[in-house]
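Take a look at the structure set out below.
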2 protein chains.
Amino acid sequence: MTVKKSKPAARTLRADALRNRERILAAAKAGFTKNGADASLDEIARRAKVGAGTLYRHFPTREALLEAVYQTEVEKLAAVQREFSKTMEPVEALRAWMLLFVDYIAAKQIIAPALYTLLGASPKVFQSTGGLVTRAIEALVAGAVASGEIRADINAMDLLRAVYGVSSVASAPDWPQRAKRLVDILIHGSRVR
Amino acid sequence: MTVKKSKPAARTLRADALRNRERILAAAKAGFTKNGADASLDEIARRAKVGAGTLYRHFPTREALLEAVYQTEVEKLAAVQREFSKTMEPVEALRAWMLLFVDYIAAKQIIAPALYTLLGASPKVFQSTGGLVTRAIEALVAGAVASGEIRADINAMDLLRAVYGVSSVASAPDWPQRAKRLVDILIHGSRVR
DNA sequence: TCTTATACGGAGACACTCTCCGTTTTATTC
DNA sequence: GAATAAAACGGAGAGTGTCTCCGTATAAGA
């Protein structure tokens with residue numbers, strides 16, 4: 001038997017591999033932005049001047065790629081949650097963060113399908129990037145519940161899914177306003193009677 | 001120049017065409033139920049013992065087929081709305097119908113992607129079947145607003161989109177309860193302060 | 001029965017996903 | 001600055017799906 005290093009976990013990529021990874025991410029961002037979350041992966045590989053095999057080796061599934069592309073955006077959302085939780089009243093923090101969530105979707109319409117995946121079923125996806133969003137909204141709701149201002153029986157993710165539902169399917173140009181109004185409705189409806 | 005009959009509008013289908021249409025619809029319902037809204041159309045044609053061309057002639061797009069398959073379901077929802085509006089208090093009618101909406105999605109999970117389309121952007125789809133759902137929820141909201149019990153600035157479709165957001169993405173087995181709780185939150189949040 | 005408008009079917013062009021494996025490039029060792 | 005092994009690349013190709021085109025079949029009407 002050969003001796004193995006324990007925990008090879010995050011191996012360092014070779015220089016060319018790293019280069020390609022970046023190029024793929026750039027091409028993917030452009031591709032998703034232009035053609036939505038179901039843009040052709042081969043096309044993205046082509047634009048990145050990389051073989052299809054290379055793309056799939058780096059990102060085995062479409063979700064993995066989508067996730068990598070929007071990881072930074074999602075990380076920002078998570079960071080802001082920590083900020084808000086420290087500096088604001090619980091309910092206001094929740095409201096403010098949800099409004100920000102709308103803005104993020106507005107700014108990057110493409111993030112919507114990605115978040116759809118994150119909010120959705122797949123447990124694997126949930127673990128990594130998705131976990132950040134989950135933890136953010138859950139921390140906010142937990143805080144607001146603890147303060148006694150909102151009902152204890154509300155499911156944090158459901159609030160987000162509701163907002164997402166309005167934002168992503170949205171057709172009319174005034175959807176951000178409508179989404180924000182919905183946030184108000186949700187917050188108000190969530191208050192202890 | 002040849003003389004044309006004016007308004008050939010809804011031509012009567014030939015007997016075999018009608019037969020095939022029914023078979024396609026049956027196969028499509030089975031297919032969508034089993035494999036979701038992105039089931040293979042060629043596969044459906046095969047199951048219906050019909051050429052691909054025939055399927056596409058009857059239903060030029062996937063949406064058209066989806067719409068035709070769930071038209072009856074949607075019609076039921078519309079009928080119930082009229083019923084509720086006559087026999088119940090405005091706000092209760094709205095609440096009851098939304099709860100029923102959740103049940104419909106629960107019963108026919110496949111309807112979810114279809115409704116997603118109906119609630120979504122495409123104006124064409126909006127006109128036909130989609131219009132029924134739209135009109136139903138809008139009538140209910142209008143009634144409740146007129147009675148002075150809920151805010152005038154809420155968008156009817158948004159309520160539905162919110163519920164849909166929770167219902168469709170739902171992973172956990174308790175999603176119907178959660179969806180219904182959300183209906184309560186939405187109704188309560190929509191009340192005049 | 002004959003005619004013709006209507007409808008059918010499935011081969012085939014094109015697109016997309018994903019894998020496999022021979023070739024190339026990088027890092028390391030001497 | 002070779003030589004060597006490990007790592008990574010690329011793209012052909014198999015599998016699957018979408019949608020169209022047009023020669024063939026069939027229903028409806030005279």
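Quick note on labels: first sequence line is chain A, next is B, and so on, each numbered from 1.
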Residue met sooner reading DNA chain D from 5', once B:Asp16 and B:Thr61 are mapped to nucleotides | B:Thr61
Can you tell me how far P of C:dT24 sits from CZ of A:Arg19, to the nearest Å?
-> 17 Å
Given B:Tyr56, which of B:Leu65, B:Thr61, B:Leu41 fulfils the side chain to side chain contact (heavy atoms under 4.5 Å, CB included) condition?
-> B:Leu41
Cationic N near anionic O, under 4.0 Å, B:Arg46 to B:Glu43 | yes
Of C:dC8, C:dT17, D:dC9, the nucleotide closest to the side chain of B:Thr54 is C:dC8
Which atom of A:Ala48 lies closest to which atom of A:Ala27, heavy atoms considered | CB-CB, 3.8 Å
Smallest separation among heavy atoms of A:Ala162 and A:Leu182, with atom names | O-CD2, 3.8 Å
Which of the following nucleotides, C:dA7, D:dG10, C:dT26, is nearest to the side chain of A:Arg57?
-> D:dG10
Please give, in whole Å, the distance from C:dT17 P to A:Asn35 CG?
-> 11 Å
Sugar-phosphate only, base, or nothing, as touched by A:Arg21 at under 4.0 Å among non-hydrogen atoms | nothing
From OH of A:Tyr56 across to C1' of D:dA12 the rounded distance in Å is 15 Å
List in numerical order all residues of residues 40-52 of chain A for which some heavy atom is under 4.0 Å away from an atom belonging to DNA chain C.
-> A:Ser40, A:Leu41, A:Asp42, A:Ala52
Distance in angstrom units between A:Arg62 CZ and C:dC16 P, rounded | 10 Å
Below 4.0 Å: OP1/OP2 of D:dC9 and any side-chain N or O of A:Asn20 | yes
Would one find a side-chain N or O of A:His58 under 4.0 angstrom from OP1 or OP2 of D:dC9?
-> yes
Does a side-chain N-to-carboxylate-O contact under 4.0 Å join A:Lys180 and A:Asp103?
-> yes
Whole-Å gap separating P (D:dA27) and CG (B:Leu18) | 13 Å
Please determine, for the side chain of B:Leu13, which listed nucleotide (C:dT26, D:dC9, C:dA7) has the closest atom?
-> C:dA7
In whole angstroms, the gap separating P of C:dC18 from CD of A:Glu63 amounts to 9 Å
Starting from P on D:dC19, measure out to CZ on B:Phe59 and report it in whole angstrom.
-> 15 Å
Taking only Lys NZ, Arg NE, NH1 and NH2, and the carboxylate oxygens of Asp or Glu, determine whether A:Arg19 and A:Asp16 approach each other closer than 4.0 Å.
-> no
Donor/acceptor link under 3.5 angstrom from B:Arg14 side chain onto base of D:dT26 = yes
Is B:Asp184 salt-bridged to B:Arg95, cutoff N-O under 4.0 Å?
-> yes
From CG of B:Asp38 across to P of D:dT18 the rounded distance in Å is 9 Å
